[in-house]
Engineer: 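Below: one structure in structure tokens.
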Amino acid sequence: GTALEVFNTDPLWVGLTLAVISCLETIRLLQTEPGTRTDAKILEVGLYPEQSPEKLAEYSLKELQNGRLAMLAFAGAVVQELVNETPLILNLQN
């Protein structure tokens, strides 16, 4: 069946999975200070070689656009599975 059938066949596991993810994200959010939630400590790791404000703004914009593209791609996969009523993996193989 399709990946979306898991919501009908086993709602307990879906609920448990969402509960665990929610708990972990809540703990992560509570462990950060209110002023530092935007950079996720990426600057301390050294992923950005140039740390000027202009470059950081450019990186932030690129990351935001990349996230939006990923959400659009996921939505497209869900819609394709709903319209065709075949699993996504079979659509990719054909």
Side-chain angles (χ1 to χ4, degrees):
T2 63
L4 298 173
E5 288 178 3
V6 73
F7 291 105
N8 296 328
T9 58
D10 206 354
L12 178 66
W13 283 108
V14 172
L16 286 174
T17 302
L18 293 176
V20 168
I21 291 171
S22 298
C23 288
L24 291 174
E25 283 297 314
T26 302
I27 290 170
R28 184 186 65 84
L29 183 64
L30 292 174
Q31 288 178 346
T32 59
E33 295 177 24
T36 62
R37 291 184 183 147
T38 56
D39 67 355
K41 298 186 179 179
I42 291 175
L43 296 176
E44 289 85 3
V45 177
L47 293 178
Y48 295 127
E50 191 177 324
Q51 295 186 10
S52 68
E54 295 84 19
K55 271 298 205 192
L56 290 177
E58 180 184 341
Y59 289 141
S60 295
L61 179 63
K62 287 180 180 180
E63 185 65 29
L64 184 64
Q65 291 173 339
N66 187 27
R68 288 176 179 163
L69 182 63
M71 287 187 282
L72 185 63
F74 178 75
V78 169
V79 168
Q80 181 181 10
E81 199 170 85
L82 287 173
V83 169
N84 294 346
E85 295 181 0
T86 53
L88 183 62
I89 191 73
L90 292 179
N91 283 330
L92 293 174
Q93 290 174 348
N94 292 336

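Below, each value reflects all heavy atoms present in this structure, side chains not excepted, and no hydrogens, waters or symmetry copies. Bear in mind that the values here come from a model prediction, so they are computed numbers and not experimental data.
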Engineer: Nearest 0.5 angstrom please: Leu30 CG to Arg28 CZ, how far?
Structural biologist: 10.5 Å
Engineer: Run through the side-chain heavy atoms of Ile, Leu, Val, Met, Phe, Trp and Tyr, join any pair under 4.5 Å, and report what else lands in Val20's cluster.
Structural biologist: Leu24
Engineer: Can you measure from CD (Gln80) to CD (Glu85) and round to the nearest 0.5 angstrom?
Structural biologist: 13.0 Å
Engineer: Other than Leu16, which residues form its hydrophobic cluster under the rule that side-chain heavy atoms must be closer than 4.5 Å?
Structural biologist: Leu12, Trp13
Engineer: Does the side chain of Ser22 come within less than 4.5 Å of Glu25's, by heavy atoms?
Structural biologist: no
Engineer: Looking at CD of Gln31 and OG1 of Thr26, how far apart are the two atoms once the value is rounded to the nearest 0.5 Å?
Structural biologist: 11.0 Å
Engineer: Is the number of heavy atoms from other residues, nucleotides or ligands within 6.0 Å of CD (Gln93) greater than 12?
Structural biologist: yes
Engineer: Is there a path from Ile21 to Phe74 through hydrophobic residues (I, L, V, M, F, W, Y) whose side chains come within less than 4.5 Å of each other?
Structural biologist: no
Engineer: For the residue pair Gln65 and Leu69, establish whether any side-chain heavy-atom pair is separated by less than 4.5 Å.
Structural biologist: no
Engineer: Are Val78 and Val14 connected in the hydrophobic side-chain network, where two residues link if heavy atoms are under 4.5 Å apart?
Structural biologist: yes
